[in-house]
Amino acid sequence: MALIVQKYGGTSMGSPERIRNVARRVAKYRAEGHDLVIVVSAMSGETNRLISLAKEIQAQPDPRELDVVIATGEQVTIGLLAMALKDIGIDARSYTGTQVRILTDSAHTKARIQHIDDENMRADLKAGRVVIVAGFQGVDADGNITTLGRGGSDTTGVALAAALKADECQIYTDVDGVYTTDPRVVPEARRLKTITFEEMLEMASLGSKVLQIRSVEFAGKYKVKLRVLSSFQDEGEGTLITFEENEAMEKAIISGIAFNRDEARINVIGVPDKPGIAYQILGPIADANIDVDVIIQNVGQDGHTDFSFTVPRNDYQKACRILEGVQGHIGAKSISGDDKICKVSVVGVGMRSHVGIASTMFRTLAEEGINIQMISTSEIKISVVLDEKYLELAVRVLHKAFGLDQEA
Ligand code: ADP
Ligand code: ASP
Ligand code: MG
């Protein structure tokens, strides 16, 4: 008998029939004698609907009130799943984030979990009940409802598993595991039996939305046994996130390809090439709480240089306005940019011990006539910034070039 946390995503909770399906799976695990804590997302599309509704009232919704609105999606599904379980004779009880007391900081719409009270959940488990918890939401020290950022139910799941010291955290979604790349873009993508925690962290941070990055961080920090599975299949081992590189991993140099279309590029042209210039450009951007990702500065010529960086696409206009405000002070000749870019990354721990990955990547893109705008590397990834129109093509040809469509 084990304690298992299962998280079901929006598609898995998308209709009454699918909720009944989830209830049947929970009942099966219960019949095997396991203790279960179930974390659920809102029905698919619901969070988007609630955000649009809020924007109809207020163009830039007040963050506190936005959280009040968007947390309701998960309040609906916890209740519905509890009913579905009771309907088939399984005792269950639903909890909102506030009722559990998933304590977070007060950063509305992107709050971080600080502490989880496990008392209520433990009492219910002891009484033989299935505990159902609303994903994506928490409460701050002043009692305000908070949310954890899009895709945040994954993080609720893993954080509960860590707090309860669960034997396993199972993330049920609409694909049967983590693939070499998004199977919706490359149909030849293959499911990975295992992926290292480090690689999963890179994949998630570089745009693979199958797991929210914070959930992977939690899993790493608390050594949670984490598995991604399909809620539409009865069998299947899914993908296990491992903490050690096994033999198979050593053979595969590249494990996957991630991509992200949520960024924009900004160029600050003709700035004086002198100490402090990067700080003068990026300081005001950081002060406005805008994340900067890929950064490039050219070698100076004639005492001037060009400086480019990427920001989240949502923050593009704001970042441009800030720079226009300080342009005179910095002494930049011009400020330009492009919000129709994407970032494509190849990820793999095998890169550490293999050379030539970058050249294969660049040659493959060159052969398709795809221009690389920016490059950024780490020990286990290479990212390139491209024109957005090349995204699908780039991912497809790189997937093939690195042999990811074939069994490792
Ligand atoms: P849920 O609602 O269950 O949380 P998400 O839509 O957040 O589901 O995540 C699952 C989706 O992630 C898949 O449908 C798939 O399109 C996408 N995805 C992106 N990259 C990958 C990948 N490498 N492996 C599997 N799925 C991926
Ligand atoms: N419902 C939230 C969202 O759509 C959280 C989640 O599904 O994980 O982002
Ligand atoms: Mg998700």
Side-chain angles (χ1 to χ4, degrees), residues 6-15 18 22 38-52 66-67 69-78 97 102 109-111 133-138 146-160 169-195 199-216 227-232 236 238-239 241 254-262 344-348 391-392 395 398-399 404:
Q6 297 184 335
K7 177 260 169 175
Y8 292 91
T11 317
S12 313
M13 296 295 289
S15 67
R18 287 185 176 172
V22 169
I38 312 297
V39 174
V40 296
S41 290
M43 294 169 107
S44 56
E46 179 63 4
T47 309
N48 287 343
R49 188 185 73 85
L50 293 166
I51 293 172
S52 313
L66 183 61
D67 274 352
V69 173
I70 62 180
T72 60
E74 275 75 8
Q75 186 168 337
V76 171
T77 46
I78 51 170
I102 298 180
T109 74
K110 46 176 184 269
V133 178
F136 178 55
Q137 57 177 263
T146 56
T147 65
L148 310 179
R150 297 308 303 272
S153 298
D154 296 332
T155 302
T156 308
V158 179
L160 284 176
C169 180
Q170 302 173 341
I171 305 283
Y172 286 94
T173 182
D174 53 8
V175 278
D176 63 346
V178 178
Y179 276 64
T180 46
T181 192
D182 189 339
R184 285 177 212 274
V185 171
V186 181
E188 295 78 25
R190 284 181 311 104
R191 178 176 59 84
L192 298 163
K193 289 195 176 92
T194 62
I195 182 168
E199 288 169 319
M200 194 62 239
L201 200 60
E202 285 283 6
M203 291 280 281
S205 84
L206 295 168
S208 295
K209 293 191 173 108
V210 61
L211 285 176
Q212 197 202 34
I213 178 158
R214 284 189 188 164
S215 71
V216 188
R227 199 183 280 279
V228 177
L229 298 144
S230 165
S231 65
F232 300 114
T239 300
I241 321 299
I254 298 300
S255 292
I257 299 176
F259 54 84
N260 181 357
R261 27 179 135 233
D262 298 335
V344 175
S345 312
V346 299
V347 175
L391 190 144
E392 278 86 3
V395 174
L398 290 171
H399 194 266
L404 292 174

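For ligands, and for the atoms within them, numbers begin at 1 and follow the listed sequence.
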Option of least heavy-atom distance to atom 15 (C) of ligand 1 (set: V347, I257, D182, T47) = D182

key: 4.5 Å side-chain heavy-atom contact, I51 and R150   = yes

task = Name the closest protein heavy atom to atom 2 (O) of ligand 1, giving the residue it belongs to and the distance to 0.1 Å.
result = G10 N, 3.1 Å

message = Quick one, R191 and D176 - any side-chain contact, counting heavy atoms below 4.5 Å?
response = yes

message = Between ligand 2 and Q212, can you find any atom pair, the residue atom being a heavy atom, that is separated by under 4.0 Å?
response = no

ask   = Heavy atom under 4.0 Å from ligand 1: found in R184's side chain, backbone, both, or neither?
value = side chain

key: Modelled atom types, side-chain donor and acceptor of T146 and D67, under 3.5 Å   = no

task = Evaluate the side-chain proximity of T47 to F136: yes if any heavy-atom separation is below 4.5 Å, no if none is.
result = yes

query = Would you say the side chain of K7 lies within less than 4.5 Å of the side chain of L211, judging by non-hydrogen atoms?
reply = no

message = Could you tell me, atom by atom, which parts of ligand 1 come under 4.0 Å of a heavy atom of V178?
response = 24 (N)

request  = Considering only non-hydrogen protein atoms, determine which one is nearest to atom 7 (O) of ligand 2 and report residue, atom name and distance to 0.1 Å.
outcome  = S41 OG, 3.0 Å

Exercise check, heavy-atom protein proximity under 4.0 Å to atom 7 (O) of ligand 1 = yes

ask   = With no hydrogens and no angle check, do the side chains of S41 and S153 hold a donor and an acceptor under 3.5 Å apart?
value = yes

Per-atom contacts, ligand 1 versus Y179 - under 4.0 Å to a heavy atom = 22 (C), 23 (N), 24 (N), 25 (C)

query = Counting heavy atoms only, which of D174, V210, L206 is nearest atom 13 (C) of ligand 1?
reply = D174

inquiry  = Just to verify, which of R190, E188, H399 counts as forming a side chain to side chain donor-acceptor pair (under 3.5 Å) with T180?
reply    = H399

key: Sub-4.0 Å heavy-atom approach of G151 to ligand 2   = yes

ask   = With backbone taken as N, CA, C and O and side chain as the heavy atoms from C-beta onward, which portion of T173 lies under 4.0 Å from ligand 1: side chain, backbone, both, or neither?
value = both

Residue, atom name and distance, where the atom is the protein heavy atom closest to atom 4 (O) of ligand 1 = K7 NZ, 3.0 Å

query = Taking the side chain as C-beta and beyond, is there a heavy-atom pair between I257 and V344 under 4.5 Å?
reply = yes

ask   = For ligand 2, is there an N or O atom under 3.5 Å from any N or O atom of K7?
value = no

message = Can you tell whether the side chains of D154 and K209 come within less than 4.0 Å, N to carboxylate O?
response = no

inquiry  = So V347 and I254, do their side chains get closer than 4.5 Å, heavy atoms only?
reply    = no

key: Closest protein heavy atom (residue, atom, distance) for atom 9 (O) of ligand 2   = R150 NE, 2.7 Å

key: Numbered atoms and elements of ligand 1 in range of K209, under 4.0 angstrom, heavy atoms   = 7 (O), 9 (O), 19 (C)

task = Please tell me if the side chains of D174 and F232 come closer than 4.5 Å, counting only heavy atoms from C-beta onward.
result = yes

query = Does ligand 1 have any atom sitting under 4.0 Å from a heavy atom of G177?
reply = yes

ask   = Measuring from the heavy atoms of Q212, does anything fall under 4.0 Å of ligand 1?
value = no

query = When you look for heavy atoms under 4.0 Å from ligand 1, do you find them on the side chain of T181, its backbone, both, or neither?
reply = backbone

key: G152 touching ligand 2 at heavy-atom level, < 4.0 angstrom   = yes

message = Less than 3.5 Å apart, any donor N or O on the side chain of E74 or Q137 sitting next to an acceptor on the other?
response = no

request  = Would you mind telling me if ligand 2 is within reach of the side chain of E74, the backbone, both or neither, using heavy atoms under 4.0 Å?
outcome  = side chain

